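Notes to accompany the following structure.
This one's a predicted model, so the numbers in the text were calculated from it and none came from an experiment. Letters A, B, ... mirror the listed sequences (proteins, then strands); counts begin at 1.
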Amino acid sequence: MQTPSKTSDSTRDWLRGSLDLAVLSALSSGEKYGYQILAELRRATDGRIDLKAGTLYPALHALEAQELVRSRWDDASGRDRKWYSLTAAGRRRLRDRAREWLEFTAAVRRLLESALGGGDAMATPPAKG
Amino acid sequence: MSEQEFENYLGLLGRFLRLDAGQREEIRRELRAHLDEAVEANLAAGMSRDEAVRQALDDFGDAAELADRFGKIGRNERWFMKGTAIAAVVAWLGFMGTQGLTSSEGPQQAGSATVAEVLASPRSATAAPVDKSAAGKASEGEAANRVPPTDNAEVARRLSKGVLTEVNFNDWTIERGIEFIAKSVDVNYHFMREELDAIGADLSQSITCNLRNVQPEAMLKILIAESGPDAGVSYRVENGILLIGSEHGRPRRLETRCYDVSDLLAMRAAVAEQVPGGLGSTDAREEFCRTLRRVVAPESWVGGTSGVEGDLSMFGATVAVYQTADIHVQVEAFLHDLRSVAASTTAPASASAAR
């Protein structure tokens, strides 16, 4: 796809493992339809998570198959839309996975900070002798 | 135009997904709603209608990827097959995913989409590839004496020449009665549940019947008649197995029809030139045959599981398809879809430069 996306390659790699988590998060504030979920992810991440619809919908359907989200059709908004919301299991999964993710990223952060020499680990190699 | 293009896009996507009709309709409806929403947002952002449509389809992502991902939800490997079918077609067309659909006001494709059905002579030039294995099940009568590996003839012989010395069905189900017959003459049997369900056949009805020295086949017919005169239950022998299914599920007569696909081949060649590195060295004609097999009723070709053993081969730019009438209809629909999408996709190369 030649359209430059705001999602960089490395972001995409990280996202791969946390796509479900991102989608569940977007639903945590309430029922949404697909288009809104994409918008919410973009908004909340300053455009860093900019999913394709072609990625989102299959993910939603997979989450629904696992009963982590449920869906219903409704056209009360003036347009026929399929609304998704978290199930209790989805909420639990979000909480658990989010905790794991935060712990993991906190650890990675410490690792990177020391690598970047925020401390003195990467400063100068200790002089010999 | 855009309306038509959405429909083309979704239609082709739906075909590739090979989901059951209900799921397909549901997904289609959902994606449709999304595209509408996206186009509206793009219009609100000040794009022209053309741009808005193209952008929406671009943002939508790769059709192949989409289909592939949908293909991975639960279930079994049938889904995987679906994924590969898409990959094959998309690779063959070489563009769908990367360019999305352009939205030219260009020529309406409807007129050009008619399938050129050159001739329809049963068993003409295509006889060669077809004969080898299609004969057995396709037309029982003529093929019976040259059935290749299976023992259909032997099964038929046991059913017609055998004798059931004693039949005592006291409040048995029809199904149990059929099993009894098959076991008595020692033939493999199988109930085609999908076929039976499709016609709402009920083989659990109770029967009582006491007979002596009956021909197994006659007994089988009696039992099947017990399921109701118009129930549509039927039996057949395939690959040496006695199958209980529906009248409709019977292998029907296969016929050869030829389709001129020179336009699709030419289009593919044109696309290949535009794709950096080309589309690989695969023979486009061979590839086309493979694609057709994978996308249209994959189980209905030689070696498939449906009992229909169709075949196809290419002569120049004409593909000769040996299939049942209803699968011919699917072939036509597939070619039609390809042409519709292709027509709108290949239209103006300048479109992508527009934004």
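- Here the closest non-hydrogen pair linking B/Ala41 and A/Tyr35 is CB-OH, 3.1 Å.
- Counting heavy atoms of neighbouring residues, nucleotides and ligands inside a 6.0 Å radius, atom CZ of A/Arg72 exceeds 12 of them.
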Steps toward side chain to side chain contact (heavy atoms under 4.5 Å, CB included) verdict (A/Trp73, B/Glu30): CA-CA 9 Å; A/Trp73 282 94; B/Glu30 184 172 23; 4.1 Å; yes
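- A salt bridge links B/Glu37 with A/Arg81: the distance from a Lys NZ or Arg NE/NH1/NH2 to an Asp or Glu carboxylate oxygen falls below 4.0 Å.
- Of the two parts of A/Leu56, neither the backbone nor the side chain holds a non-hydrogen atom closer than 4.5 Å to a non-hydrogen atom of chain B.
- Residue B/Arg293 qualifies as enclosed at atom CZ: its count of foreign heavy atoms under 6.0 Å is above 12.
- Ion pairing between B/Arg29 and A/Asp80 holds under the 4.0 Å rule for side-chain N and carboxylate O.
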Start with the C-alpha distance between B/His34 and A/Tyr57, add both sets of side-chain angles, then the distance that settles ring-ring contact (aromatic ring centres under 6.0 Å, His included), and finish with yes or no. CA-CA 10 Å; B/His34 181 96; A/Tyr57 287 100; 5.2 Å; yes
